[in-house]
Amino acid sequence: MPILIFIIIFAGKWSIMRIYTLIIIFLLFVGNAVADNQKLLDSLDTVIAHRAQFVAEKENRIVSLKRRLNSGMRGETALQILNDLYEEYHVFQFDSAMAYADKGLSLARQKHNDYYTTLFAINRSEILAIGGLYTEAIENLGTLGGEPADSTLRFKYLLTCFTIYSYWSDYCHDKHYAPLYRSRADDFLRQAMAYADVTDPLYEFYQGEVNVYVNHDNKQARQHYLKALQHIEENSRAYSMTSFALAGNYHLAGEKEKYMEHVIKAALGDLRSCTMENMALQDLAVFLFEEDERQIERAERYINQSMEDAKFYNDRLRILEISRIMPQIMKAYQSTMKGQNAKLRYSIIFISLLVLGLLLGAYYIHRQNRKLSSRRKELANSNLQLSELNQQLSGSYRQQAELNSQLQILNQRLVDTNKRRESLASIFIDLCAKYIDKMGKYQTLVKRKIKANQAQELLQNISSTRISEEDASTFLHRFDKAFLELYPTFVGEFNALLRPEERIIQKSSHALTTELRTFALIRLGVKNTADIAGLLFLSNQTIYNCRSVTKSKAINKDSFDDDVMRLCTVIS
């Protein structure tokens with residue numbers, strides 16, 4: 001944005017073409033930044049989905065350290081392992097970190113080891129500060145009787161003091177105590193840098209912190225942060241800390257895309273290093289919520305993940321802070337979900353109207369079938385009349401031949417009409433079944449689209465098979481009604497083919513059993529087992545068993561299939 005303002009201010013000194021060219025370059029640069037940030041968000045979603053893997057790796061390291069500790073380690077080796085366990089738990093689990101800081105301090109005092117006594121005392125104050133126990137943290141450092149003599153421990157001591165007062169200042173957030181604690185924090189940071197190790201990968205990060213809090217030079221701080229990122233491993237907590245600090249630097253400068261890029265990288269570093277005591281994901285959720293209403297669902301997922309991390313770490317202050325933010329994001333998320341649900345309801349209504357249209361079409365086809373049956377009877381009567389005329393006109397060979405030709409044509413039309421009638425019924429049933437299948441696929445498509453945006457709340461409230469099962473039930477009910485209206489004597493005639501003790505009893509006079517539906521479809525010309533299974537929403541094996549078992553109950557097994565095809569030859 002500052003580049004665009006610069007272009008506008010000095011536009012009078014440049015040609016129009018040059019201005020347009022620079023503006024286009026600027027817009028392309030912004031577009032690329034947005035695309036890159038979207039890729040980073042996608043990567044963040046992937047890492048969150050595989051969070052359990054990183055946690056498992058972390059826990060394996062901890063288990064390995066505990067085994068070493070329990071294997072009988074003594075002296076400084078045991079103290080070093082306790083310190084390693086503290087470092088593993090430091091930003092992973094508050095209570096465990098406190099426990100190992102206490103264990104290490106107790107053992108160091110027993111062993112009269114001054115170095116580890118000081119180290120664990122500093123560790124204990126560090127973890128107390130994270131838990132919001134600032135006074136206790138300062139008092140705990142006071143038990144050391146002053147600054148440590150060892151330069152490494154002195155640096156850690158002073159840096160811990162800086163951290164405690166920084167947290168305390170942020171916690172107060174008022175006009176009196178906050179500036180006082182901020183001043184003390186800055187003074188401790190200034191003192192700490194005198195003992196900083198220039199070979200430490202975080203040295204440039206600490207220099208950036210000095211420029212932010214002590215020198216108030218954000219421009220110079222940015223250079224140190226960028227330089228620090230070049231020497232730090234991406235998946236480490238140090239990388240996350242530096243990226244988060246750099247994100248704050250860009251945020252103050254109003255460079256939102258750069259802020260978003262580095263706060264995402266900070267969140268990625270936290271997740272990969274299993275840093276449960278984190279701020280990046282929480283700040284990213286708030287940023288997405290405030291800046292882009294299209295990202296409400298993602299913001300909701302991120303703030304929920306932040307809350308889960310805070311609960312896992314048992315950070316009461318962070319839980320309270322997230323609890324103040326979460327209702328706003330949840331309210332916006334619920335509003336978005338209501339809009340999406342409304343669209344989904346309209347889609348379902350539209351599909352229902354289409355199904356109603358199909359049912360009306362089925363009723364029309366049924367009526368046409370009845371008319372065709374009536375026409376067939378009329379054609380049969382006409383055939384008799386033509387036969388009589390054929391006998392009366394037997395005297396004329398040429399006329400008789402012409403009449404015979406006409407009769408053959410009419411007979412063929414009659415057969416075709418009858419076949420067309422049954423074909424229309426079969427096509428109607430097949431069409432209905434295929435449409436129900438399409439409706440099921442559409443439902444799946446709707447869920448996939450929603451799932452692509454990770455609509456977990458929506459997916460939990462919608463049954464994955466409810467619509468398809470309801471439509472299938474409606475289809476079978478309509479099929480039973482249509483078939484029984486077309487062949488009202490079918491059940492009785494079919495039972496007549498079976499032995500008396502094996503005859504099928506209907507639960508309802510308006511509904512067919514699976515066996516009756518199977519042979520009803522066979523009567524309509526659908527003989528293939530796979531086709532029947534598809535129409536009745538059953539497996540091929542189920543239909544095959546149904547046909548075999550029913551045939552075994554027939555009076556005449558050999559002619560059973562042909563007998564079924566001759567059922568309801570005359571429709572009343």
Side-chain angles (χ1 to χ4, degrees), residues 62 65-66 68-70 73-171 181-197 200 202-203 205-206 209 237-238 241 275-277 313-318:
I62 291 173
L65 287 170
K66 288 181 179 178
R68 289 184 59 202
L69 183 65
N70 295 330
M73 292 294 179
R74 296 289 184 270
E76 287 199 6
T77 304
L79 291 169
Q80 181 59 52
I81 294 173
L82 285 170
N83 185 60
D84 291 341
L85 282 167
Y86 166 79
E87 292 297 336
E88 290 288 349
Y89 278 120
H90 176 204
V91 288
F92 185 60
Q93 281 186 328
F94 177 86
D95 295 334
S96 296
M98 179 64 76
Y100 280 102
D102 289 341
K103 286 180 181 179
L105 184 59
S106 176
L107 181 61
R109 285 173 176 170
Q110 288 177 18
K111 301 295 182 181
H112 304 289
N113 189 309
D114 295 338
Y115 178 87
Y116 278 102
T117 298
T118 303
L119 177 61
F120 281 113
I122 295 171
N123 289 344
R124 193 170 188 278
S125 291
E126 190 176 41
I127 202 69
L128 284 170
I130 292 177
L133 304 171
Y134 309 119
T135 302
E136 289 81 357
I138 293 298
E139 289 175 352
N140 182 69
L141 287 178
T143 62
L144 296 175
E147 297 180 6
D150 183 89
S151 60
T152 302
L153 290 177
R154 181 172 291 193
F155 174 74
K156 186 175 178 65
Y157 172 89
L158 294 170
L159 196 64
T160 300
C161 292
F162 161 72
T163 303
I164 295 169
Y165 282 109
S166 293
Y167 288 169
W168 208 345
S169 174
D170 293 339
Y171 176 79
Y181 295 143
R182 181 76 263 167
S183 176
R184 290 181 184 177
D186 296 347
D187 186 53
F188 279 115
L189 178 61
R190 188 187 301 107
Q191 293 179 51
M193 288 310 296
Y195 303 96
D197 182 1
D200 187 344
L202 278 173
Y203 179 78
F205 166 76
Y206 295 135
E209 296 289 272
R237 178 169 176 262
M241 291 166 53
T275 299
M276 299 299 182
E277 203 289 309
Y313 186 73
N314 195 23
D315 188 341
R316 293 176 292 277
L317 291 179
R318 183 77 69 243

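When a residue number appears, it is its place in the shown sequence, counting from 1. Note that the structure is predicted; figures quoted are calculated from it, not measured.
- The line from CZ of R182 to CH2 of W168 is 14.0 Å long, rounded to the nearest 0.5 Å.
- Contact of the T163 side chain with the F188 side chain is not registered, since no non-hydrogen atoms from C-beta on lie closer than 4.5 Å.
- Close placement of the Y100 and Y89 rings is indicated, their centers lying within 6.0 Å of each other.
- Between Y206 and F155, the ring-plane angle classifies as perpendicular under the 30° and 60° cut-offs.
- Closest approach of L69 and A78 over heavy atoms only: CD1-O, 4.0 Å.
- Put simply, the side chain of Y157 does not reach to within 4.5 Å of the side chain of Q191, judged on heavy atoms.
- Taking each heavy atom of H90 and I127 in turn, the nearest pair found is O-CD1, 3.5 Å.
- Going from atom OG1 of T118 over to atom CZ of R154 covers 11.5 Å, rounded to the nearest 0.5 Å.
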What side-chain donor-acceptor pairs closer than 3.5 Å can you find for residues 80-87, not counting sequence neighbours?
| unit_1 | atom_1 | unit_2 | atom_2 | d |
| --- | --- | --- | --- | --- |
| Q80 | OE1 | Y116 | OH | 2.6 |
| Q80 | NE2 | D84 | OD1 | 3.0 |
| N83 | OD1 | N123 | ND2 | 3.0 |
| Y86 | OH | N123 | O | 3.0 |
| Y86 | OH | E126 | OE1 | 2.8 |

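- Here the straight-line distance linking atom OH of Y134 with atom OG of S125 works out to 13.5 Å at 0.5 Å rounding.
- Two residues are said to be in side-chain contact when any heavy atoms from C-beta on lie closer than 4.5 Å; F205 and M241 meet this criterion.
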Using atom types as modelled, flag every donor-acceptor pair under 3.5 Å from a side chain in residues 142-150 to any protein atom, sequence neighbours excluded.
| unit_1 | atom_1 | unit_2 | atom_2 | d |
| --- | --- | --- | --- | --- |
| T143 | OG1 | N140 | O | 2.4 |
| D150 | OD2 | T152 | N | 3.0 |
| D150 | OD2 | L153 | N | 3.0 |

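- Residues R124 and M98 meet the side-chain proximity criterion, which asks for heavy atoms closer than 4.5 Å.
- Summarising the geometry of L189 relative to F162, their closest heavy-atom pair is CB-CD1, 3.5 Å, with the distance given to 0.1 Å.
- Of all the heavy atoms in E88 and L65, the pair that sits closest is CG-CD1, 3.8 Å.
- Taking a cutoff of 4.0 Å between a charged side-chain nitrogen and a carboxylate oxygen, D187 and R190 qualify as a salt bridge.
- If you take CG on L141 and CD on E136, they are separated by 12.0 Å, rounding to the nearest 0.5 Å.
- In this structure, T117 and R109 approach most closely via the heavy-atom pair OG1-N, 3.7 Å.
- For D197, the side-chain contact (heavy atoms from CB on, under 4.5 Å) partners two or more places apart in sequence, or in a different chain, are T199, D200.
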Exercise for the section: For side chain to side chain contact (heavy atoms under 4.5 Å, CB included), just list the numbers for V91 and R237, CA-CA rounded to whole Å, side-chain angles, deciding distance to a tenth of an Å, and then say yes or no. Expected result: CA-CA 9 Å; V91 288; R237 178 169 176 262; 3.4 Å; yes
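- Of the possible donor and acceptor atoms, none in the side chain of S106 sits under 3.5 Å from a partner among the backbone N and O of D102.
- When all heavy atoms of A185 and Y165 are compared, the pair lying nearest together is CB-CB, 3.7 Å.
- Between the OG atom of S166 and the OH atom of Y181 there is a distance of 13.0 Å, given to the nearest 0.5 Å.
- Interatomic distance, L202 CG to L159 CG, rounded to the nearest 0.5 Å: 9.5 Å.
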